[in-house]
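This is a predicted model, so every value here is computed, not measured.
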Amino acid sequence: MAADVLFLEYPKCSTCQKAKKWLDAHDVAYTDRHIVEDNPTAEELRAWHERSGLPLKRFFNTSGMLYREMELSKKLPDMPEDEQYALLATNGMLVKRPLLITAATVIPGFKETAWEEALGA
């Protein structure tokens with residue numbers, strides 16, 4: 001199994017805990033990164049977003065308190081991408097987690113089938 005897997009998580013997040021157990025159960029070697037203590041940079045987020053092929057909105061933690069407090073659902077549609085990357089880089093709690101990054105793909109959130117496909121697990 002490839003060790004070039006980066007797993008970004010918030011350890012108190014139950015979905016992240018479930019995803020981590022899944023990775024361990026499937027003997028996936030990965031680098032673990034705390035999304036708040038080591039927040040992704042705007043450059044990393046841009047590269048991951050481009051690799052994912054997903055809309056940038058998928059990288060926002062839309063169910064998070066901070067997202068709601070900042071009323072981002074109203075602000076994002078008119079916000080330039082550069083500003084969105086910069087905003088995501090200010091606080092890991094704004095970023096959808098867990099985030100699975102491999103050489104080939106980037107998957108925000110935990111969906112077993114997508115992860116199995118990406119990792120060949």
Do Tyr30 and Leu100 have side chains that get closer than 4.5 Å, going by heavy atoms? no
Has Asp4 got a side-chain atom pairing as donor or acceptor with Thr102's backbone, closer than 3.5 angstrom? no
Closer than 3.5 angstrom, by distance alone: can the side chain of Arg51 be matched with the main-chain N or O of Ala104 as a donor-acceptor pair? no
Applying salt bridge (charged side-chain N to carboxylate O under 4.0 Å, His left out), name anything that partners Asp82, two or more places apart in sequence or on another chain. Arg46
Side-chain donor or acceptor of Arg58 paired with backbone N/O of His49 under 3.5 Å: no
Could you tell me if the side chain of Leu66 sits less than 4.5 Å from the side chain of Asn61, heavy atoms only? no
Within-4.5 Å side-chain heavy-atom neighbours: Trp115 and Val5: no
Side chains of Leu8 and Val95: closer than 4.5 Å at any heavy-atom pair? no
Taking all heavy atoms of Pro98 and all of Thr15, pick out the closest pair and write down the distance. CD-CG2, 3.9 Å
Which residue pairs pass the salt bridge (charged side-chain N to carboxylate O under 4.0 Å, His left out) test when at least one of the two sits in residues 7-19, sequence neighbours left out? Glu9-Lys20
Quick test of your reading of the model: are Glu44 and Arg33 salt-bridged, counting only N-O distances below 4.0 Å? yes
Sorted by chain and residue number, the ring-ring contact (aromatic ring centres under 6.0 Å, His included) partners of Tyr10 (sequence neighbours excluded) come out as His34
Would you say His26 and Leu119 make side-chain contact, with heavy atoms under 4.5 Å? no
Can you find a heavy atom in the side chain of Thr105 that is under 4.5 Å from one in the side chain of Glu117? no
Within-4.5 Å side-chain heavy-atom neighbours: Trp48 and Leu6: yes
